[in-house]
Colleague: 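Take this structure first; my questions come after.
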Amino acid sequence: MSKVVIVGGGPAGIRAASVLVEAGLRPVLVDEGRRAGGQGYRAPAPNLDLDMKSLMGTEADKYSRLHALFASMRERIDYHHGTLVWGVHERALHTLADGVARTIPYDALILATGATDRIMPLPGWTLPGVFTLGGAQVILKDQGCLIGNRVVFLGSSPLLFLAALQYRKSGASVAAVVDTTPLSAKLVAMRDLMASPRTLARGVMYRTALRRAGVPLIDGATALGVHGKERVEGVRIKDGRGHERFIHCDAVAYGHGLKPETQLAELAGAHFRFDPVFRLWLPETDTDGRAGPDLYLAGDGATIGGADAAEASGALAAHALLADMGRPSPEPELARLRRQVGRLRRFQRGLARAFAWPVSQAAALPDETIACRCEAVTVGEIRAAIQTPLGPREVNRVKALTRCGMGRCQGRFCGPALQEIVSGACGEPVADVGRLRSQAPVKPIPLHAVSELEQTR
Amino acid sequence: MKTAQVVIVGGGLIGTWSAFFLAKRGFQAILIEKGVVGAQSSGVNFGNLRLQGRYPGQYPLSLRSQAIWEEIGSLIGDSCEFEKTGHLYVATNEAEQEKLEQHARVAEGHGLVIERIDRTGLRRRWPWLGEELQAATYSARDATANPRLVSPAVARAAQRLGVEIVEHACVHRVRKNGDGFTIETDTGLTVNCAAVVNAAGAWALSIAEAFGETAPMFAAGPPQFVTEPIPYRVVPSVQAVSGSVIFRQIPRGNVIFAGYPRTVADPVLNRAPVPPQKTLNGMRNLVRIAPFLKSAQVIRVWSGIEGYLPDMLPVIGESETTPGLFHAFGFCGHGFQVGPGVGAVLADLIVDGRTDTSIAPFSIKRFENDVQVSEKLAHEFDAPASPGRPE
């Protein structure tokens, strides 16, 4: 029987596994997390008394359902938790768990690798006390900790409002929610947002709840910088009417939506295209997630769609894989899933317009702003390299000459911003300056990791 | 239609240094590069300027080259992180120790100072080295530089001296035109010139073959790995004489390491991926000779495309069939150190018609007969070694 391996233990990976289990397969599920659930439906650390029902709010039922689904099939899959996949080569995954490197061969691969925060550099964004928006949520859901007592939620993302509410419920004071996209952009995006009226209503409800609680909501602001001597003391913004304001706080949750984690897809052979709405390079798939021979992508790792689309696209990818194995397809069910995924992804495209990636902020960044946190490369160094005679005009060459994207994160966080900075400095469209290529290891691996194959040899 | 005294095909180390020295000597040159300057093996190699253990017939060229490296800051206005770090060659057994001794005697014959270090000396001076190391030789004149920076910096220096650098233009035709040559690129550029330097690296054969000569070159890449920054303590480059691993630390803290076997490269798709198993092998070999690194994390892996020849020696010199055509390619992974010297020699050949530096062993003529296959071919490449030309 052919060996099917799924990477990712979030909603897409779990639903894909359940479809395969129902079809009588025993898939391998490789999860970097210590407990299944992924990022959005993260299960708290054991022995931690967290009220997940309250934290998850309207999504509490879905949270419980997904974890129950996982528990019900736990014995019918091979579940490798706490296992990093750091490379894909010739139909085998290269993994690391508890410091030991192993190889997991596969006949078919479903990648449900999820998403991470997209962030645009900002003066002061590397000060202690600044967290990515997603990171602020992970700390809360995984450890029951807060990033600060008086928190500003800054950037442009529907998650600003959700995270601010979760922090309020958990006892933090929310100093302000500052959205860098104007309300008018939300109206323009309304046609796509109506693709999922329930999700839209939920977003409006979050805003209303925050306003009722007296939290200042500032729309259409420009982020000018995070200030503080040793750590965060406040953020400086220009509000929608052009007035500069300083908001005191001891922590900032900062983000501009999500970006798919596509490194493994690239190593497994997926092709990429530039998406002008998300302003990201996304892997190419058909409607069911086929990305190449025996390669399937699902969930936010393929394109941002949110948790519901992740579940549905996970099921679709598994059905596509079964169909390619010659198994019969439940056509009405597939049609329903395709409609659902299509609708939710259209909604997310609306969100990408309603909560825009702040392109103009990249061009306006002062030279001394750090662009690459790992290697401490400034925006000015990138611009200077480009302006040198024979200077680079493509992001991988900029990386080679400036070290931007060369450090621990391998450009996972600075990559999208680097594209905008290079585009601005070269005067070329962002689609023409390329994207940072992925290489194994996609995340750092310690030298003492020894291959199991060699140990037994 | 342009005219130039010399057209240089290829903007790697060899091409840019040739351009620089030709311009220094008053020659008007145009350099044509299919991609961007210094992006292939010139930009992604280990950055080692090793004098120990070179092919004996290459010492005159190597030493001339090292003298240029030692002046790089004043020559081109950019030191490119050149550091006289020294190079430590280490042995784990008697056979390797004997190999070190042979290398040392050859190097000393060319005036290098080689220090022999026993086990006790190793423990005392470099206590972080692995227990299994028995002996070493140390050469203080050996050095390192940052390969990512060098070719672009040399190209800019050549540009300031009047060389025209054309990037993103692929030479697709070179033909004889009277006493000179006509070069055509895929971008519609045509140049008439008196001499041509074929420094097109792993892509150089098409030019040689257009003039009725060839070499059994194949493409491969050196797999290289780097750790996150850790406190700086390793000054010299450290290399196992067995070839299993070489490493160095840069002052900002990262440890760069590399090891055989080399990786397969595809000059058509322009890719030299490093299979994960090679990364694990490299990690294991590094920890054996430098156990203190075992907790360091590998953050990045890369390679590049290099041209190799079965005797592991380059082709350098004037064409056997066509006066005015000069080849310099197939550096077999050893081109970084000799690059500036090769540029200076090519300038000699073109300007003076001769050079005082011995390059006799590197003539393309040697491939008219069967060349002796280097023993390195067996242990530096994946078995079974298949040094055929890529189809």
Side-chain angles (χ1 to χ4, degrees), chain A residues 84-90 92-96 99-104 266-267 269 374-376 385 388-394 396-403 405-412 434 436-455 457, chain B residues 11 16 31 33 35-39 43-44 78 146-149 151-160 165 167-168 225-230 252 254-255 257 271 273-288 290-303:
Chain A
L84 167 72
V85 179
W86 60 269
V88 185
H89 184 69
E90 289 177 351
L93 303 180
H94 288 262
T95 69
L96 185 74
V100 179
R102 289 194 180 86
T103 308
I104 303 177
E266 182 171 355
L267 295 178
C374 304
E375 296 288 314
T388 309
L390 301 172
R393 310 184 73 75
E394 189 273 330
N396 291 287
R397 282 306 285 165
V398 172
K399 170 181 161 183
L401 296 170
T402 65
R403 311 190 69 88
M406 238 184 214
R408 284 186 67 95
C409 91
Q410 286 295 286
R412 288 167 56 232
L436 292 178
R437 284 188 293 270
S438 298
Q439 289 272 14
V442 301
K443 288 186 180 172
I445 49 173
L447 276 162
H448 58 66
V450 282
S451 145
E452 190 182 55
L453 295 171
E454 283 169 15
Q455 277 182 327
R457 198 172 281 161
Chain B
T16 55
L31 183 153
E33 161 58 45
V36 297
V37 161
V44 300
D78 187 336
N146 187 336
R148 287 182 289 111
L149 307 181
S151 300
V154 177
R156 282 193 295 272
Q159 211 176 28
R160 287 193 295 273
I165 311 269
E167 295 186 314
H168 303 291
F225 323 92
V226 66
T227 71
E228 64 193 330
I230 56 172
R252 67 190 303 285
N254 306 75
V255 176
F257 62 108
R271 286 282 174 271
V274 179
Q277 196 56 47
K278 283 201 160 57
T279 306
L280 292 169
N281 288 347
M283 289 162 59
R284 185 197 54 204
N285 291 336
L286 177 60
V287 170
R288 278 178 62 184
F292 79 101
L293 289 171
K294 66 177 187 294
S295 300
Q297 309 234 19
V298 175
I299 60 172
R300 192 161 57 86
V301 164
W302 73 97
S303 189

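Treat the numbers as computed from the prediction; the structure is a model and nothing was measured. Throughout, protein chains are lettered first and strands after them, A, B, ... in sequence-line order, and every chain is numbered starting at 1.
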Colleague: Could you pull out the closest heavy-atom pair between B:Ser295 and A:His448, with the gap in Å?
Modeller: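 In terms of heavy atoms, the two residues are closest at CA-CD2, 4.1 Å.
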Colleague: When rounded to the nearest 0.5 angstrom, what distance separates CD in A:Glu90 from CD in B:Gln277?
Modeller: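 With rounding to 0.5 Å, CD (A:Glu90) is 11.0 Å from CD (B:Gln277).
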Colleague: Got a second to check how far A:Leu390's CG is from B:Leu31's CG, nearest 0.5 Å?
Modeller: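 So the gap between those two atoms works out to 9.5 Å.
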Colleague: Could you tell me the separation between the CG atom of B:Asn254 and the CE atom of A:Met406, rounded to the nearest 0.5 Å?
Modeller: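 Here the rounded value is 9.5 Å.
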Colleague: So which heavy atom on A:Leu401 is nearest to which on B:Pro152, and how close?
Modeller: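 Minimum heavy-atom separation between A:Leu401 and B:Pro152: CD2-CG, 4.1 Å.
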Colleague: Within a reach of under 6.0 Å around CZ of A:Arg403, are more than 12 heavy atoms found that belong to other residues, nucleotides or ligands?
Modeller: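 Check passes, neighbour count above 12.
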Colleague: Using heavy-atom distances under 4.5 Å, tell me whether B:Val36 contacts chain A through its side chain, its backbone, both, or neither.
Modeller: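 It is the side chain, since no backbone atom gets that close.
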Colleague: List in chain and number order the residues that pass salt bridge (Lys or Arg N to Asp or Glu O under 4.0 Å) with A:Arg393, two or more places apart in sequence or in another chain; answer none if no residue qualifies.
Modeller: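 In terms of salt bridge (Lys or Arg N to Asp or Glu O under 4.0 Å), with neighbours along the sequence ignored, A:Arg393 is linked to A:Glu428.
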Colleague: Measure distances from B:Val298 to the heavy atoms of chain A and classify the residue's part below 4.5 Å as side chain, backbone, both or neither.
Modeller: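 For B:Val298, the contact with chain A is made by backbone and side chain together.
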Colleague: Might you point out which heavy atoms bring B:Gln159 and A:Pro389 nearest each other, and give the distance in Å?
Modeller: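 Looking at all heavy atoms of both residues, the shortest contact is OE1-CB, 3.5 Å.
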Colleague: Rounded to the nearest 0.5 Å, how far apart are CG of A:Leu447 and CE of B:Met283?
Modeller: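 Going from the CG atom of A:Leu447 to the CE atom of B:Met283 covers 5.0 Å.
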Colleague: Please classify the contact of B:Leu286 with chain A as side chain, backbone, both or neither, using a heavy-atom distance under 4.5 Å.
Modeller: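 The answer is the side chain of B:Leu286.
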Colleague: Let me know if A:Arg408 has heavy atoms under 4.5 Å from chain B in its side chain, its backbone, both or neither.
Modeller: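 For A:Arg408, backbone and side chain are both near chain B.
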Colleague: At a heavy-atom separation under 4.5 Å, does B:Arg252 approach chain A through its side chain, its backbone, both, or neither?
Modeller: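 Side chain of B:Arg252 only, per the 4.5 Å heavy-atom cut-off to chain A.
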